[in-house]
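Just below is one structure, and these are the notes that go with it.
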Amino acid sequence: MNSILVFLLGLTFLFLVLIGLGIFWAIKNGQFEDMEGPAQRILMDDDDPLLPGRRSAGDTLNKEP
Amino acid sequence: MTEAAACFHCGQPLVPGAAFKVEIAQQFQPMCCRGCQAVAQAIVDNGLAAYYKNRTVLPGRGQEVLSAELDQLRLYDHPKIQQSFVLDTGEHIKQAVLILEGITCAACVWLNERHLLQLPGVRLVNVNYASHRVRISWDQREIALSTILAEIQRLGYHAHPYNAQSAANSRERRRKKDLRRLAIAGIAAAQVMMLAVALYAGSWYGMEASTAKLLRWLSLALTLPVMIFAAQPFYSAAWSALKMRRLTMDVPVVIALLSAFAGSVANTWLGQSHVYYDAINMFVLFLLGTRLLEQGARERSMEAAENLLKLAPAMATRVTEDGHQLVPVLELIAGDRLLVKPGETFPADGTVESGAGGVDEALLTGESRLVAKQPGDQVIAGSINSDSPLTVRVTSIGENTVLAGIVRLLDQALAEKPRLAQLVDRIAAQFTWGLLALTLLTGVAWWWIDPSRVFDIVLSVLVVTCPCALSLAAPAALAAAGSHLLARGVLVTRGHALETLARVDHVVFDKTGTLTYGKPVLQATYPLAEWDAQQCLRWAASLEQASEHPLAAPFLAKIAADALLPVIDAHNEPGRGVSGIIAGKRYFIGRAELAGHAAADAVTDGATQVWLADETRLLAKFVLADALRSDAKQLVEALKAQGLRLSIFSGDDSATVRHIGAELGIADCRGELKPADKLAALRTLQAAGEVVMMLGDGVNDAPVLAAAQVSLAMGAGTQVARATSDMVLLSERLMEVAHALELSRLSMSVMRQNFAWAIAYNLIAVPLAALGWVSPWLAALGMSASSLIVVANALRLK
């Protein structure tokens, strides 16, 4: 059994602990509470020209079918 | 094209002749009513027109915020009421969780967050799209909660407080714990699987014994947290089942887990090569994953149901010598004197002491007309005071009210429902017994044939027969169909609803509020002098601005706000009408005798007549009546096409019911039914062997809703009706009922396919495993694959 294997396995263990802590942190912060909202929210433009103060002339709204 | 004739905001058909428009992005868009117009205007005025670009689902019909509603919202500013749902998070900073009704797509979330954040004093707005709840934090000095609620209403949504302390909190904690378990199992499973590949490859190509030993010990270390922490729900479920002397699916799962682990640990300790850590981890990960998915779908429905049923904290105005006092309804006692303002609900049964006016008892009787009340008359808890303040002496409260009596009636009906769940449990128990017996038999048989393989084979049998696919077959299909229906606006609140829905052959409708809007709509205008109809309407609507009477709203809905004339000295005469001066002349609207005319106040076919007069003569007669929902006829046709029998049971008078029935093409129409009569009529149908679906909205429907095999309440209906129904129609679209019926049949066929597959899988896999042709890891893989197929099949329900 060579020492590189022991070293790498130890390193894997360290990474696993880090991954676990990261996921626990994310769960604790409620990142899995709303599984749909964030995916859709990213499509909404906060810099939309229709927002007040950003209005630019000639911008028209596409009507939905 | 349908688009041309549809409201730009809510997509409902436009009423011919109504001219409501809002300019959106330099284009005038048609609106169906004043409500939608007001909502769309509010959205555009706040620079949020991008909502229309981003939305994917049409919202509900807009509703104007009436001043009476605003008064009710103001109740929420009362510190005593706020106690129950508002948190202090800093000096003057308050935080509350609100239930947001009317969220249909992600654009709604955006719209609400954007708009509320623009308000001064609002610190944080966080809308949860999945649970339809919003967390808001605000500075008490700058803005009142009622203002925030009113702003939400202005956008066309409804918000009411949610008491986050109780059930939801513990559910959230449990969900987080489940997620942590899944995470641990996932991380461990990935690693152990990797080590397992190395071990299998090693045993094939040759690996140093010490390396293999190291890898096995490492696998053990990784599996330990899974066995101790992640798999814990299975132990506790199996233990509690055993304690109650029952067998559930968890028992063989735990037996498989513990024996596999014990065997693996022993072999690791002895330095032998047979370990099953990979199978253990895969098994736990997969079971946890499917449970979480299924639970997630169920909780979503539960949250939606909770959002709906959460009662607002009720308050009443008590009249004492020291003046008026706002007290919680629970503190009322018989003999208290209460002031009930127009628009408020009577909190208790009582006798009118002073004041006179119309009371809306539709919730109890189903009748859409107002009942006149004078001093000495009885009023019933749950009815709504509609036109003038009444002082009431409380005669009975809580359990003793008429309303509570109806609720009791329905409790009885609920208790008589068949319990399908028990049947499923019994079958599962028998299945488990058979499985354990089979495992034992296999073990004994192999003990004779080849003792060295006994453990391997017994383990394979246990894992391969894990009734996962079988136990998932029904819940997966129900959960998929349920969440799909929820997205379309039909909330399934009871597990058996879909199953029963598929067998329905008779649909019974309530009339008021279900087939009709449940509120008066202007039917016809008869000018009696030289004025044309439009002018009469304009004058009428102008006068009605001063009134909060339910008959005022249909006039105001007909005339755009900017066309209303200023009225001086408007005078509200409770129970009779309104008078006021327009352009220097006095006009009257309401009952004919208000203006001193003796015209007969005849009421025909459930329609109400309203007169417009000046000081000398009658100018016009308006006929108001409850109108059919715009898609009622479409629904009736769709249901007939599905081959269902249809009936109407209504508390309204028979003539009106027959009239509506004729219009819709429903032959079996019964009117003047009291709640008990409806129940009896329903029982007669059921005795004839029919599976009845009931659609209703009122308190008077509640016992029938509970007694019908499957029932659907209108979302706008009463709390009691929604609480007793198996399903709730959250959207205003009646056509979703026909869709739900179709989907239920599809779900049943998917469920049957799932059962067939699960049983076929077991029939094939069990003999193979018992003959020793399946190794434990292959068994775990087969089990997972069969469950996955079941879930994937369920997801086809779209």
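These numbers come from the heavy atoms of this one structure, side chains and all, not from hydrogens, waters or symmetry mates. Sequence lines set the chain letters: A, B, ... in the order given, protein chains first and strands last, and positions in each chain run from 1.
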Query raised in the report: Would the number of heavy atoms belonging to other residues, nucleotides or ligands and lying under 6.0 Å from NZ of K213(B) be above 12?
Result: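 Not more than 12 within 6.0 Å, no.
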Query - More than 12 heavy atoms from other groups under 6.0 Å of CZ on R135(B) - result: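 No, because the 6.0 Å sphere around CZ of R135(B) holds 12 heavy atoms or fewer from other groups.
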Report task. Name, in order of residue number, those residues of residues 20-29 of chain A that have a heavy atom at a distance of less than 4.5 Å from a heavy atom in chain B; otherwise write 'none'. Result -> G20(A), I23(A), F24(A), I27(A), K28(A)
**Report entry** chain A neighbours within residues 181-194 of chain B, where any heavy atom lies under 4.5 Å away
**Finding:**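 Contacts with chain A: A183(B), I184(B), I187(B), Q191(B).
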Requested in this report: Using the side chain to side chain donor-acceptor pair (under 3.5 Å) rule, collect all pairs that involve residues 215-224 of chain B, keeping only residues at least two apart or in two chains.
Outcome: T223(B)-N281(B)
Below 3.5 Å, can you tabulate the donor-acceptor pairs from side chains in residues 5-17 of chain A to any protein atom, sequence neighbours excluded?
{"residue": "T12(A)", "atom": "OG1", "partner": "L8(A)", "partner atom": "O", "Å": "2.7"}

